[in-house]
Amino acid sequence: MLTIASWNVNSIRARLPLLLTWLREKNPDIVLLQETKIIDDQFPREEIEDLNYNIATSGQKSYNGVAILSKFPIEDITRGLSGFEDDQARYIEAVAGGVRVASVYVPNGSEVDSPKFDYKLAFLHHLYEHTQELLTYDEPLIFGGDFNIAPSDDDVYDPQAWHEKILCSTPEREALRTLINLGLTDGLRALHPNETSLYTWWDYQGRGWRANQGLRIDHFLLSSQAADRLSSATIDRDMRGAAKTSDHAPIRCQLTGDRVIS
DNA sequence: ATGGTTGCAGCGCAA
């Protein structure tokens with residue numbers, strides 16, 4: 001069994017104590033982190049290595065930043081999306097534990113039809129093109145990350161309030177659906193088809209968490225070779241209720257077997 | 001309630 005987790009930590013410096021507690025408790029084999037907000041030289045490697053993780057990072061100052069933690073050796077590390085000139089650290093990919101994984105931090109987009117929204121769609125377009133190539137490998141492949149898109153109104157606490165707003169607009173939903181339609185499986189929804197309140201993010205502001213006003217914007221997307229082995233997918237909601245926490249909850253999934261890529 | 005909260009960096013910006 002292989003456990004893969006993903007968490008937008010909103011600063012690994014601010015989240016380190018809680019991250020370490022959660023790693024000890026859940027002991028995931030592979031962890032995909034987003035919004036580490038730290039340059040690689042300052043990444044808190046030692047504390048995490050002490051829990052027997054290897055680490056691959058792609059960070060920058062103040063914003064963005066992604067990383068992969070793995071109990072297995074991390075091989076074939078690539079940073080950024082092929083063919084996409086981007087000075088923002090939002091994508092890191094590697095092979096570990098017999099699966100190809102990537103930590104993905106899709107741009108938020110700010111407001112629909114803003115320049116940042118155009119950048120969001122451009123990122124998704126290049127993720128689509130890169131995925132087309134990855135799928136030709138016929139490997140177990142898992143994207144985990146903050147996609148900043150709620151796939152449908154079922155993933156939103158108040159669809160009317162969010163109608164055509166950022167994270168929920170038609171163009172970004174179409175971009176995500178097009179990506180998934182290449183042959184990927186939305187792991188959380190596939191295993192919880194009728195679950196309401198399947199949320200991964202709650203706004204810090206207002207009554208967000210207290211009133212369970214959440215959105216499902218963090219996802220696992222699996223190739224068929226990975227989806228065939230998917231046995232569980234869960235949201236660690238309790239972490240969102242912890243003190244000094246991120247506005248995102250971690251997500252975790254389990255694959256049967258291990259080390260399929262030889 | 002055009003507010004509210006958090007983190008970084010050093011107080012406006014991104015989310």
Side-chain angles (χ1 to χ4, degrees), chain A residues 6-22 32-45 47-48 57-67 80 86-92 103-124 127 144-151 155-158 160-169 171-173 175-176 199-219 235-251:
Chain A
S6 173
W7 194 10
N8 179 324
V9 290
N10 184 20
S11 166
I12 192 153
R13 226 186 314 239
R15 217 62 59 213
L16 188 59
L18 195 57
L19 174 67
L20 295 174
T21 300
W22 173 74
L32 309 170
L33 299 175
Q34 302 88 40
E35 276 208 87
T36 52
K37 295 187 173 180
I38 202 164
I39 61 173
D40 292 345
D41 286 349
Q42 294 178 9
F43 196 94
R45 301 185 69 95
E47 296 92 330
I48 294 169
T57 60
S58 180
Q60 66 180 86
K61 189 178 174 186
S62 306
Y63 303 113
N64 311 311
V66 286
D86 191 354
D87 57 5
Q88 302 191 17
R90 297 180 173 276
Y91 184 91
I92 185 169
S103 179
V104 185
Y105 180 40
V106 174
N108 172 283
S110 186
E111 289 179 53
V112 177
D113 291 335
S114 67
K116 286 177 183 169
F117 187 70
D118 294 339
Y119 167 60
K120 181 178 197 173
L121 295 181
F123 181 95
L124 289 164
L127 180 59
D146 177 5
F147 284 74
N148 269 316
I149 301 170
D155 303 304
V156 182
Y157 70 94
D158 186 346
Q160 289 186 341
W162 284 83
H163 181 69
E164 294 301 338
K165 295 285 198 304
I166 198 66
L167 313 183
C168 299
S169 75
E172 57 197 295
R173 281 181 170 172
L176 179 60
Y199 306 140
T200 66
W201 172 83
W202 298 257
D203 203 322
Y204 279 130
Q205 301 181 79
R207 301 183 302 133
W209 169 248
R210 295 193 307 280
N212 192 28
Q213 296 175 339
L215 273 66
R216 188 172 72 96
I217 59 175
D218 299 86
H219 307 299
I235 301 167
D236 288 335
R237 286 181 65 109
D238 52 329
M239 294 302 294
R240 182 60 182 81
K244 285 287 289 176
T245 194
S246 170
D247 45 353
H248 295 253
I251 58 178

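Proteins get letters first, then strands, A, B, ... in listed order; numbering begins at 1 in each. Quick caveat, the model's predicted, so the values are computed rather than measured. As a basis for the values below, the full set of heavy atoms in this structure was taken, side chains included, without hydrogen atoms, waters or symmetry mates.
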Requested in this report: Name the residue closer to the 5' end of DNA chain B, choosing between A:Gly109 and A:Arg15 according to the nucleotide with the nearest heavy atom.
Outcome: A:Arg15
Query raised in the report: Contact class for A:Arg90 (heavy atom, under 4.0 Å): base, sugar-phosphate, or nothing?
Result: sugar-phosphate
Report task. To the nearest Å, give me how far apart CZ (A:Phe117) and C1' (B:dA14) are. Result -> 17 Å
**Report entry** Phosphate contact (B:dG7 OP1 or OP2) by A:Lys244 side-chain N/O below 4.0 Å
**Finding:** yes
Report task. Determine the Euclidean distance between corresponding P atoms of B:dA1 and B:dG12; express it in Å to zero decimal places. Result -> 28 Å
Query raised in the report: Is there a side-chain contact between A:Trp7 and A:Leu19 (heavy atoms, below 4.5 Å)?
Result: yes
Query raised in the report: Rounded to the Å, how far apart are A:Tyr119 OH and B:dA14 P?
Result: 12 Å
Query raised in the report: Where along residues 58-67 of chain A does a heavy atom come under 4.0 Å from DNA chain B, residue by residue in number order?
Result: A:Lys61, A:Ser62, A:Tyr63
Requested in this report: Calculate the interatomic distance between A:Arg210 atom CZ and B:dT5 atom C1'; express it in whole Å.
Outcome: 11 Å
Requested in this report: Could you check whether A:Arg13 gets within reach of a base, just the sugar-phosphate, or nothing at all, counting any heavy atom under 4.0 Å?
Outcome: sugar-phosphate
Query - Rounded distance (Å) that lies between atom C1' of B:dC8 and atom CD of A:Gln88 - result: 15 Å
Query raised in the report: To the nearest angstrom, how far is A:Glu35 atom CD from B:dC8 atom P?
Result: 10 Å
Requested in this report: Would you check if the side chain of A:Asp203 reaches a backbone N or O of A:Gly208 as a donor-acceptor pair within less than 3.5 Å?
Outcome: no
Query raised in the report: Taking the same atom, C1', in B:dG10 and in B:dA14, what whole-Å distance lies between them?
Result: 16 Å
Query raised in the report: Is there side-chain contact between A:Ile149 and A:Lys120, with at least one heavy-atom pair below 4.5 Å?
Result: yes
Query raised in the report: Is A:Glu164 atom CD crowded by more than 12 heavy atoms from other residues, nucleotides or ligands, each under 6.0 Å away?
Result: yes
Query raised in the report: In whole Å, what is the span from the CD atom of A:Gln213 to the C1' atom of B:dG4?
Result: 12 Å
Query raised in the report: Do side-chain atoms of A:Thr245 reach the backbone of A:Met239 as a donor and acceptor pair under 3.5 angstrom?
Result: yes
Query raised in the report: Taking atom C1' of B:dC8 as reference, at what distance in whole Å does atom CG of A:Leu16 sit?
Result: 17 Å
Query raised in the report: Is the closest side-chain heavy-atom distance between A:Ile12 and A:Leu33 below 4.5 Å?
Result: yes
Requested in this report: Specify the closest pair of heavy atoms between A:Arg173 and A:Ala150, including all atoms of both residues, with the distance to one decimal.
Outcome: NE-O, 2.8 Å
Query - Residue mapping more 5' on DNA chain B - nearest nucleotide basis, A:Gln205 or A:Ser110 - result: A:Gln205
Query raised in the report: Within the structure, does a side-chain N or O atom of A:Arg207 lie under 4.0 Å from either OP1 or OP2 of B:dT5?
Result: no
Query - Rounded interatomic separation in angstrom, taking OH from A:Tyr204 and C1' from B:dC8 - result: 12 Å
